[in-house]
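Taking it in order: structure first as structure tokens, then the write-up.
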2 protein chains.
Amino acid sequence: MVTIYDIAKKANVSPMTVSRVINNSPLIKESTRLKVQQVIQELEYIPNKQARSLTSRETKLVSLVLPDISNPFFTNIARGAEDKALQLGYQLILGNTDENKEKENKYVNMLMSTGVDGVLFVPTGDASAANLKKLIKRNVPFVFIDRTIDSIQADVISGDNPDTTRQLVNHLIELGHTRIALINGPTDLSNARERAQAFKDTLTLAGIGHDPKYMIETHFRKDNLNEIVSKLFSFQKDERPTAILATNNFIGVNTLRALRALQIRVPEDVSVACFDDPDIIPDYNPFLTVAKQPAYDMGFLGMQLLIERIQQAAPASYRKIVLPAELVIRGSTSPKT
Amino acid sequence: MVTIYDIAKKANVSPMTVSRVINNSPLIKESTRLKVQQVIQELEYIPNKQARSLTSRETKLVSLVLPDISNPFFTNIARGAEDKALQLGYQLILGNTDENKEKENKYVNMLMSTGVDGVLFVPTGDASAANLKKLIKRNVPFVFIDRTIDSIQADVISGDNPDTTRQLVNHLIELGHTRIALINGPTDLSNARERAQAFKDTLTLAGIGHDPKYMIETHFRKDNLNEIVSKLFSFQKDERPTAILATNNFIGVNTLRALRALQIRVPEDVSVACFDDPDIIPDYNPFLTVAKQPAYDMGFLGMQLLIERIQQAAPASYRKIVLPAELVIRGSTSPKT
DNA sequence: TATTTTTATGTTACCGATAACATAAAAATA
DNA sequence: TATTTTTATGTTATCGGTAACATAAAAATA
């Protein structure tokens with residue numbers, strides 16, 4: 001490996017002079033600069049970042065810890081985050097937690113050892129607090145994305161959960177639905193809690209009221225929901241839901257599949273809407289009515305907040321950026337029959 | 001930051017003893033080991049990987065350089081690669097080239113500086129050779145995934161391009177199509193070349209023959225193909241293609257969109273099939289007939305080959321693993337009318 | 001008990017860069 | 001020309017680990 005010592009020897013200068021040239025120090029004579037740069041070119045020298053970070057105390061590495069990159073919502077977040085990171089000279093380390101606290105813990109430990117300068121973080125649940133406290137102790141800044149942890153202060157980028165829920169529920173109400181079921185993620189996640197609350201509030205405000213039997217809690221993962229859905233439809237005919245709101249794309253698709261397995265037609269027998277598009281390149285005939293959260297922008301802005309924080313260019317008080325979603329009405333929702 | 005020196009002082013041993021405990025050296029007295037481990041726990045010591053890699057000459061970082069993580073084909077590759085990396089104790093740095101040689105070059109330079117132990121590489125084209133030669137010079141192993149570069153030797157994981165093309169073309173032929181157009185990626189990419197060749201061969205073998213006017217070259221990116229498609233349909237009626245084969249998912253969707261814009265119906269007026277599903281969670285009613293390449297496995301196996309290579313556990317001769325695709329027939333292809 | 005061997009621990013130097021200080025050369029001033 | 005100031009370069013120590021060698025303590029052997 002070519003080092004500054006090799007360059008120094010060949011250029012007849014001290015290693016420190018080479019270092020100065022590399023770092024564009026202004027106190028270098030033009031002739032020396034040229035001579036050294038020439039040798040750098042010649043030997044194809046590339047600075048060793050590990051050595052550098054030992055003194056500089058920064059690695060120019062950041063991480064994005066999220067549940068599953070193959071969820072298109074997170075795929076877009078990742079793309080936005082990587083774009084911003086590259087633009088600002090950082091490299092992105094990716095981690096998939098699968099909503100699993102042990103995996104999350106493993107990543108946090110590895111990342112601290114690797115010395116990442118900061119983490120864009122989608123927590124797996126309230127138990128993430130312990131992991132985040134480790135980061136705080138080590139002075140590793142992080143930014144919450146999509147979800148927060150009440151007990152931990154940090155910058156936040158999230159969708160507008162109350163407003164988005166309201167949009168979706170009101171869309172269903174406008175179609176004449178009154179028995180609307182909510183299939184939600186685990187309520188130890190802030191976004192699931194906020195969506196559940198807004199769901200109830202919106203129904204109450206519309207004078208419909210809510211009933212716990214229509215509010216189901218499951219996971220934000222690919223899963224089989226046959227049992228849950230069949231239970232919803234085991235009610236008496238005039239008690240069965242005529243619409244289902246799924247609080248993320250995986251739940252939306254899980255629900256569609258369960259309905260198909262149970263031979264319940266969509267939208268004839270039941271309307272279905274969800275948060276986030278399951279398709280990243282909407283196909284010819286996308287089917288699901290969704291509220292599209294601006295995932296790419298969330299990743300992009302999140303990375304920006306993070307790097308500002310890393311470079312101490314951020315205000316002392318934590319920022320919370322809430323982005324609106326766009327309702328896209330498609331074939332999976334129709335007027336109540 | 002807590003270092004081995006802090007541990008050493010508190011435990012009344014030398015830093016080297018601490019280092020030995022951390023690395024499970026067998027020459028440590030049990031009582032010392034316990035004492036040191038106790039202090040490590042107490043001070044929540046975490047080893048500094050940068051310092052370590054300075055002597056060990058490995059960073060336990062690997063990179064995946066691909067065109068665009070938001071293409072579901074590559075999303076799945078990424079997920080597979082990350083899973084394997086984590087399993088073997090490596091962290092994954094992600095890079096999106098957007099099929100752009102300059103971006104690719106930028107990543108390669110950054111990665112060498114960062115000191116990644118290896119790279120899983122989807123080259124952007126023949127011009128990638130220069131970048132790869134830099135890696136070779138620095139002794140950074142890499143594995144090709146999806147595409148190769150003729151002039152560069154390395155392990156390879158790819159789909160079975162000839163066989164997959166054959167499956168798709170034969171499916172169209174069986175439906176009665178004879179005027180089949182190919183909308184392909186740039187033929188300075190090995191996969192595009194192989195697909196073009198197999199396309200011609202399959203048609204020839206079927207006694208249909210091929211015509212350059214039905215073979216279009218474009219990009220493997222999201223793009224507007226209105227012009228290209230409208231040209232194909234500007235032929236006399238009995239010369240117009242009745243089927244289109246797109247060589248990746250983006251081209252497939254681009255084509256569908258162009259056809260819709262031109263009010264050409266699918267599959268009534270023209271059948272469309274492509275490589276790789278555009279949807280990662282196939283929606284309720286996926287439309288496109290596709291050949292699904294096993295992207296997750298490609299990423300997983302690719303990472304395995306790479307890490308074997310890094311750890312010098314690989315055979316001297318380069319390995320090439322070719323994985324078959326699965327034809328999924330859906331509504332975008334139908335018998336010729 | 002003295003000597004050798006084994007086991008456990010410590011010392012020193014180094015990985016590749018840079019910060020902080022020291023010094024030499026050149027330019028400006030007296 | 002001598003002295004001061006400025007500019008350019010060099011030296012030394014350090015970041016946090018570990019390899020290689022050195023040495024001390026304990027155990028085994030003579």
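Letters go in sequence order (proteins before strands), and every chain restarts at 1.
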Requested in this report: Anything under 4.0 Å to a heavy atom of chain B counts; send over the first and last such nucleotide of DNA chain C, read 5' to 3'.
Outcome: C:dA8 to C:dG16
Query raised in the report: What pairs meet the salt bridge (Lys or Arg N to Asp or Glu O under 4.0 Å) rule with one or both residues in residues 73-90 of chain A, with sequence neighbours excluded?
Result: A:R79-A:D83, A:R79-B:D68, A:R79-B:D98
Query raised in the report: Does anything in residues 12-26 of chain B pair up under salt bridge (Lys or Arg N to Asp or Glu O under 4.0 Å), and if so which pairs, sequence neighbours excluded?
Result: none
Query raised in the report: Does A:E44 have any side-chain hydrogen bond (donor to acceptor under 3.5 Å, both in side chains) partners at least two apart in sequence or in another chain, and if so, which?
Result: B:K137
Report task. Give the stems involving DNA chain D, where a stem is 3 or more consecutive Watson-Crick or G-U wobble pairs (i with j, i+1 with j-1, and so on) under 3.5 Å. Result -> C:1-30 with D:1-30
Report task. Decide whether A:Q91 and B:T114 meet the rule of one side-chain donor and one side-chain acceptor closer than 3.5 Å. Result -> yes
Query - Residue pairs, two or more places apart or on separate chains, that pass salt bridge (Lys or Arg N to Asp or Glu O under 4.0 Å) and touch residues 24-43 of chain B - result: B:K10-B:E42, B:E30-B:R33
Please table the atom pairs, donor to acceptor, closer than 3.5 Å between any side-chain atom in residues 312-323 of chain A and protein atoms at least two apart or in another chain.
| unit_1 | atom_1 | unit_2 | atom_2 | d |
| --- | --- | --- | --- | --- |
| A:R319 | NH1 | A:E308 | OE1 | 2.4 |
| A:R319 | NH2 | A:D155 | OD2 | 3.3 |
| A:R319 | NH2 | A:L305 | O | 3.4 |

Report summary line: Note: contacts of residues 105-115 of chain B with DNA chain C (heavy atom, under 4.0 Å) are none
Query raised in the report: When you check the side-chain N and O atoms of A:T124 and A:E104, is any donor under 3.5 Å from an acceptor?
Result: yes
Report summary line: Sequence neighbours excluded, the answer for ring pair (Phe, Tyr, Trp, His ring centres under 6.0 Å) partners of B:F144 is B:F142
Query raised in the report: Base, sugar-phosphate alone, or nothing: which one does A:T32 contact when heavy atoms must sit under 4.0 Å apart?
Result: sugar-phosphate
Could you pull out the protein-nucleic contacts involving nucleotides 15-19 of chain D (nitrogen or oxygen on both sides, under 3.5 Å)?
| unit_1 | atom_1 | unit_2 | atom_2 | d |
| --- | --- | --- | --- | --- |
| D:dC15 | O3' | A:R57 | NH2 | 2.4 |
| D:dG16 | OP1 | A:R57 | NH2 | 2.6 |
| D:dG16 | N2 | B:A51 | O | 3.2 |
| D:dG17 | OP1 | B:Y45 | OH | 3.0 |
| D:dG17 | OP1 | B:N48 | N | 3.3 |
| D:dG17 | OP2 | B:I4 | N | 3.0 |
| D:dG17 | O5' | B:Y45 | OH | 3.1 |
| D:dG17 | N7 | B:Y5 | OH | 2.9 |
| D:dT18 | OP1 | B:N23 | ND2 | 3.3 |
| D:dT18 | OP1 | B:R52 | NE | 2.8 |
| D:dT18 | OP2 | B:S19 | OG | 2.4 |
| D:dT18 | OP2 | B:N23 | ND2 | 3.3 |
| D:dT18 | O4' | B:T55 | OG1 | 3.3 |

Report task. To the nearest 0.5 Å, tell me how far B:S19 OG sits from B:I7 CD1. Result -> 12.0 Å
Query raised in the report: How long is the span from the CG atom in B:L54 to the CG atom in A:N48, to the nearest 0.5 Å?
Result: 6.0 Å
Query raised in the report: Got a sec, which residues hit side chain to side chain contact (heavy atoms under 4.5 Å, CB included) with B:I46, two or more places apart in sequence or on another chain?
Result: A:M112, A:S113, A:R138
Report summary line: Applied to residues 115-136 of chain B, the salt bridge (Lys or Arg N to Asp or Glu O under 4.0 Å) test, sequence neighbours excluded, yields B:D126-B:R193
